[in-house]
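In what follows, chains are A, B, ... by sequence order, proteins preceding strands, each numbered from 1.
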There are 2 protein chains.
Amino acid sequence: MKKKRTTIYDIAEKLNITASSVSRALNNSNYVNENTKQLILKTAAELNYKRNTLASNLRKGQSKTIGIIVPRINQNFFSNVIAGIEDATYEKGYNLIICQSNESQEKEIKCVNTLINQQVDCIVISISADSSDYKHLKNVLDHGIQLIQFDRVIDELETLKVINDNEQASFEAVSHLIEQGYKRIALLKGPQNLDIFKQRKVGYLAALNKYSLPVIDELIIENAWTKELGAEATRKLLSLPEPPDAIFASTSDFSALGVLEVATAMGFKVPNQLGILGYANEAFTELTSPSITTIDQFSVYMGRTVADLYFKEMENKDTLVVPKTISIKPKLIIRSSTSRKK
Amino acid sequence: MKKKRTTIYDIAEKLNITASSVSRALNNSNYVNENTKQLILKTAAELNYKRNTLASNLRKGQSKTIGIIVPRINQNFFSNVIAGIEDATYEKGYNLIICQSNESQEKEIKCVNTLINQQVDCIVISISADSSDYKHLKNVLDHGIQLIQFDRVIDELETLKVINDNEQASFEAVSHLIEQGYKRIALLKGPQNLDIFKQRKVGYLAALNKYSLPVIDELIIENAWTKELGAEATRKLLSLPEPPDAIFASTSDFSALGVLEVATAMGFKVPNQLGILGYANEAFTELTSPSITTIDQFSVYMGRTVADLYFKEMENKDTLVVPKTISIKPKLIIRSSTSRKK
DNA sequence: TTTAAATATGCAATCGATTGCAGAAAATTT
DNA sequence: AAATTTTCTGCAATCGATTGCATATTTAAA
């Protein structure tokens, strides 16, 4: 039941002119008589004409479309970033094609290929936890497509990047814990193939170092980035002969939530006996009791930044794109879970 | 710095054959010699060929793209639905173009036009709270594009629909409150131009009626669908000479959260003095204290359902699309905020 | 061996919009 | 009034892939 759509030829025929003029009028070119232009516009409206963007893009060799690849669309941080990008790109008439990699490199590669096929002008990506190499990203560049990495970036790959200063944030977070009097601070680490988690560890170590606290290996836990894994890690940590007096879930607030639940269940008083610090400022962190201290990443703003960066780079097409990194300083949000009554 | 991409002509030239054969090989047609096909495939890989989807779609008159319009991308319910759609469509090689209407009809119209321009095969929409008429949606159908409404649907518009049974859910929720012994149950209503909110009110009234409870007008509050408005409404309600003993925030969990905060601040004991019931089963509802009773809408599943519905309809192209509604039964999640110790 | 059928390949048009070039018509200058 | 410039409009090619039709080649059947 496909209806035939109105094309510029239909308009041209009706007005006894050529498609060229119609095209010019619709693109508001100066090379059409003003009267003709108005007439064309009027007729286009009457016939309910809608430009075929496929044809237009094909001809022009650009799609005014930006592809986005994130591990999960329905994860707060990412959906916020996307909202930010949408906001900024919409005004400029750009479209977004969104893909989720589900944390799998295999799907990530497929997403990249789909987006290249779609002739997107730019690909914005936060790589999956599973990604070990990045031939597929090199490929993007080889196809002359702009590539912007955000948050989870591959450092060696020279592209535009928008990141959080994870090291600094982590440093401030752990410093805060120490200043609150915590001395045995455990760290829940994320997958170390992602730089963001490495950096958070560096910040943690730097803070311990600054305050001359020892690094205790048994308090550093690998890969505890879901609520369940956070809970499990906490069970072990709190059963140690010398349990920690604070846990920094550098992986996520979900992990911190797992910590909180187990700690409460095991009868540890938060924040007095145990301090808890999360990462990402998920909405729920201010609702738990006690509310959880965390780090805000300005996710929507991050999205806007990505978009603005793209547009700025596009302005000077002639010059080669110079790899550039914009680092956003996250903010420590101090709540009850680390506020010891002194 | 645009690099020239490999086209089927490049491959054809290199192998001294025509583009037709290349195209056939790449589409796995039977009308190419097996050897030639393999050779073409190999060469395509070598030259890092990527199909130009724009050209292909233009020629084929379909885009294998689905457009989605939601009020807000970064709202849990919607991002979950999108994730569900993505999941189901990805396997079939479909792309998603996502737009947000920001609850504004004006932007919604623009989104619709963009998607029509993009030649999407289908538009999936949950209308904005601001939408009063629906010429723009009629327009979608006029262009021969499949239209699927979900959650916030316009009843009169005959399209495919995937909804929650809001009335039933609301009825069960209020019945539950009554069975817990609550007698003066307030209702926080959403914008009544959205059917979902009307239906929730109907369910509320039906439950009162079933248990022969009177409808008390001063307990029914208009438009309280954000946390702030929910809080404000609660302040008024609890200051009444005869305050309610339960509040059903039929608008959202955010609203219910506002209720909870104000109630706690005003010294009302939840659930004993005041029962609170929300809507949507946002993640935080199980984290508040007390945890909030709410209604789960199976959002990811809803997305899958939308996608499946589309594909099923597509199978029989010849026959006209018959308007059809799939109603998903939401589930009451009973938590502490309405569990009175008897 | 001749004829019919099956298989492979090429030709050329098509999808709809855009744009460089050329020429006609009108407006301006000398 | 002639020469020059400006303003419009049309022609035709182009973007890259697809596909109906025709033709050539091979294989199978009579």
Atom-to-atom span, CD1 of B:Ile116 to P of C:dG16 - whole angstrom: 16 Å
Side chain to side chain contact (heavy atoms under 4.5 Å, CB included) against A:Asp133, all qualifying residues, sequence neighbours excluded: A:Gln105, A:Lys135
Salt bridge (charged side-chain N to carboxylate O under 4.0 Å, His left out) pairs, two or more places apart, involving residues 96-105 of chain A: A:Glu103-A:Arg152
B:Asn33 CG - C:dG10 P separation (whole Å): 11 Å
Test side-chain contact (heavy atoms from CB on, under 4.5 Å) applied to A:Val153 and A:Ile163, A:Ile125, A:Val162, the passing residue: A:Ile163
DNA chain C-proximal residues of residues 9-22 of chain A, any heavy atom under 4.0 Å: A:Tyr9, A:Ser20
Nucleotide of C:dA8, D:dT9, C:dG16 approaching A:Arg59 most closely (side-chain heavy atoms): C:dG16
Touch class at under 4.0 angstrom, heavy-atom based, for A:Asn57 against every strand present: nothing
Sugar-phosphate, base or nothing in reach of A:Ser23, heavy atoms under 4.0 Å: base
Nucleic acid contacts - residues 34-54 of chain B versus DNA chain C, non-hydrogen atoms under 4.0 Å: B:Thr36
Atom pair distance, as rounded to whole Å: OH in A:Tyr31 and P in C:dA17: 22 Å
Nucleotide D:dA17, atom P - distance to CD of A:Gln118 in whole Å: 13 Å
B:Lys107: salt bridge (charged side-chain N to carboxylate O under 4.0 Å, His left out) partners, not counting sequence neighbours: A:Glu86
Heavy-atom check, side chain of A:Val70 versus side chain of A:Phe150, under 4.5 Å: yes
Which residues share a salt bridge (charged side-chain N to carboxylate O under 4.0 Å, His left out) with B:Lys60, sequence neighbours left out: none
Integer-rounded Å distance: C:dA17 P and A:Lys64 NZ: 17 Å
Shortest side-chain distance from A:Lys60, nucleotide among D:dT9, D:dG16, C:dT19: C:dT19
Pair A:Asp87 + A:Arg304: basic N to acidic O under 4.0 Å: yes
Look for any protein N or O under 3.5 Å of an N or O in nucleotides 21-28 of chain C and output each such pair with its distance, or none.
none

Sugar-phosphate, base or nothing in reach of A:Asn27, heavy atoms under 4.0 Å: sugar-phosphate
Degree of bending in the helix from C:dT1-D:dA30 to C:dT30-D:dA1 once both end axes are built from five pairs, to 10°: 40°
Sidechain-backbone polar pair: B:Thr305 side chain, B:Tyr301 backbone, donor-acceptor under 3.5 Å: yes
Heavy-atom side-chain contact between A:Cys99 and A:Leu115 under 4.5 Å: yes
Distance in angstrom units between B:Gln62 CD and D:dA17 P, rounded: 16 Å
Whole angstrom value for the distance that separates P of D:dA17 from CD1 of B:Ile8: 5 Å
With A:Glu108 via salt bridge (charged side-chain N to carboxylate O under 4.0 Å, His left out) - residues at least two apart: none
Residues forming a side chain to side chain contact (heavy atoms under 4.5 Å, CB included) with B:Thr89, sequence neighbours excluded: B:Ile66, B:Ile85, B:Tyr94, B:Leu96, B:Ala307, B:Phe311
Flag, side chain of A:Ser56 to backbone of A:Asn52, donor-acceptor distance under 3.5 Å: no
Any residue meeting salt bridge (charged side-chain N to carboxylate O under 4.0 Å, His left out) with B:Lys42, in chain and number order, not counting sequence neighbours: B:Glu46
Results of side chain to side chain contact (heavy atoms under 4.5 Å, CB included) for A:Glu158 - residues two or more places apart only: A:Pro323
